[in-house]
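Only one structure is covered here, and it is reproduced in the block below.
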Number of protein chains: 2
Amino acid sequence: MHVLVCEDDELIASGIVAGLTAQGFTVERVATAGAARAMLRAATFDIMVLDLGLPDEDGLKLLQQQRSQGLEIPVLILTARDSVTNRVDGLQAGADDYLLKPFDLRELAARLQTLLRRVAGRRVNLIEHGRLAYDPSSRETFLGGQPVDLSRREQALLQALLHNKGRVLSSEQLKDSVYGFNDELESNALNVHIHHLRRKLGNGIVETVRGLGYRLGPADGGEDAP
Amino acid sequence: MHVLVCEDDELIASGIVAGLTAQGFTVERVATAGAARAMLRAATFDIMVLDLGLPDEDGLKLLQQQRSQGLEIPVLILTARDSVTNRVDGLQAGADDYLLKPFDLRELAARLQTLLRRVAGRRVNLIEHGRLAYDPSSRETFLGGQPVDLSRREQALLQALLHNKGRVLSSEQLKDSVYGFNDELESNALNVHIHHLRRKLGNGIVETVRGLGYRLGPADGGEDAP
DNA sequence: GCGTTGATTAACCGATGATTAACCCAGGCT
DNA sequence: AGCCTGGGTTAATCATCGGTTAATCAACGC
């Protein structure tokens, strides 16, 4: 899922990018309406997150203009102003949903998922790997067809691994994708989560590369009990 | 989109008709409750705009009576009175949204769009889910064939969940569908209603997804007492 | 064998949701 | 009008779960 985030505030933007990346989205971020326009021309996106208070141009203007040019992807508006007028204007201009700042990252992710599903109610991005299947949109994990209950951190971990099939991820990298970039964590919490993952999905899923980190096990082998 | 506008003031009515027509709506306009009744009998509408200050009959009376007869299209109420009581009355009587006079035409159009979008796809008459059945037109709920008495909020909650089978709805999203957009609610009222729902329908109906929200339980399992 | 690295386990803590009770308000009834 | 009832909201308390920590154990490399 390709998301275009248009937000000028550095702090907020980095939060969004980190959060959505952790949720399995591929995120491009721009800070101005001009840049957004360029990005929209250059690539195709599945959904867009648009802040209204941009430096160079009113976000609504941008939206309206893009809509009139045939932009059809769902757009979620971020706004700090909480007046009714703005909300109405937003919907009128072609927004599909809105979120008032400050907002919860999980809330944002949830709304994006809902929007995506509304447009195309299918299971698009089911990630499969051997007996394992993961659906980011419903946040469901299946092992040999059976649903498996994973906690938030376990999911994040699994996603990071699935997104980098075959590659070795260092603890630092994993930490970045499971926690934000900011959080400091000085403990073996990651180890513990890896352990939980293995317990739930079988030992073959996560491979240890001593001294370097972890990587996803081979798709075929690595059954639970060999 | 077929809209029924029930408004006695000529000036306002013509404004609405002009505005909505320009927006692409097909508009029928009547000036009295009696005429509205006739129209509703004669044709099918997608949405209704209802003024409360009608000459022959109270608009709320009309709404209530129509609702009790199975009218299920969204109804937006127009009212000159600005007391909170009236708004509550309106929602109670079965309105889906309300607008205070004087209002902005764009706002009216935007609200109608929102209403339509909210109910789009909910055209089926009986929603079934495992032992559970819900009839939106009569607003009746059945569990294993037995009617269950649900309060207004409980119904709204159940409806929102049924309308999004399998999806996780955040409390924000649920709040939006149970309460209007405007009402601010800073309490765990939703939790309480969920609790009531479970008490009445059994624990399997509503699933908690920790940190994310709630979703409808699986259709098969989740009996009351396993 | 020794040290380092990762695995495992149990304990603790905080966050989140569930539960319950009290209160408030509106509507219906007398 | 005044009372009564019931749903809705608030708030306070309880329970549970997940996350982190830390301590111990096993494996691997030297």
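Just so it is clear: chains get the letters A, B, ... in the order the sequence lines come, proteins before strands, and each one is counted from 1. Because only heavy atoms are used, hydrogens play no part in the values below, and waters and symmetry mates are left out as well, while side chains stay in.
- Leu169(B) approaches Ala160(B) most closely through the heavy-atom pair CD1-O, 3.6 Å.
- Of the side-chain N and O atoms in Arg152(A), none sit less than 4.0 angstrom from OP1 or OP2 of dG18(D).
- Shortest non-hydrogen contact noted between Leu197(A) and Val206(A) is CD1-CG2, 4.4 Å.
- Counting only distance, with no hydrogens or angles, the side chain of Asp9(B) and the backbone of Ile12(B) share a donor-acceptor pair below 3.5 Å.
- In this structure, Leu169(A) places its CG atom 17 Å from C1' of dG6(C), rounding to the nearest Å.
- A heavy-atom distance below 4.0 Å to DNA chain D is reached by these residues of residues 187-196 of chain B, ordered by number: Ser187(B), Asn188(B), Ala189(B), Val192(B), His193(B).
- The shortest heavy-atom contact between Gly217(B) and His129(B) is O-NE2, 2.7 Å.
- Phosphate contact (OP1/OP2 of dT9(D), side-chain N/O of Arg153(B), threshold under 4.0 Å): present.
- Nearest to the side-chain atoms of Tyr214(A) among the listed nucleotides dA18(C), dA7(C), dT9(C) stands dA7(C).
- Of all the heavy atoms in His193(A) and Glu154(A), the pair that sits closest is O-CG, 4.4 Å.
- At most 12 non-hydrogen atoms from other residues, nucleotides or ligands lie less than 6.0 angstrom from NZ of Lys61(B).
- Between Tyr134(A) and Thr141(A) the shortest heavy-atom distance is CD1-OG1, 3.2 Å.
- The shortest side-chain heavy-atom distance between Asn164(A) and Leu216(A) does not fall under the 4.5 Å cut-off.
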Which protein N or O atoms sit under 3.5 Å from an N or O of nucleotides 12-15 of chain C?
residue, atom, partner, partner atom, Å
dA15(C), N3, Arg210(B), NH2, 3.4

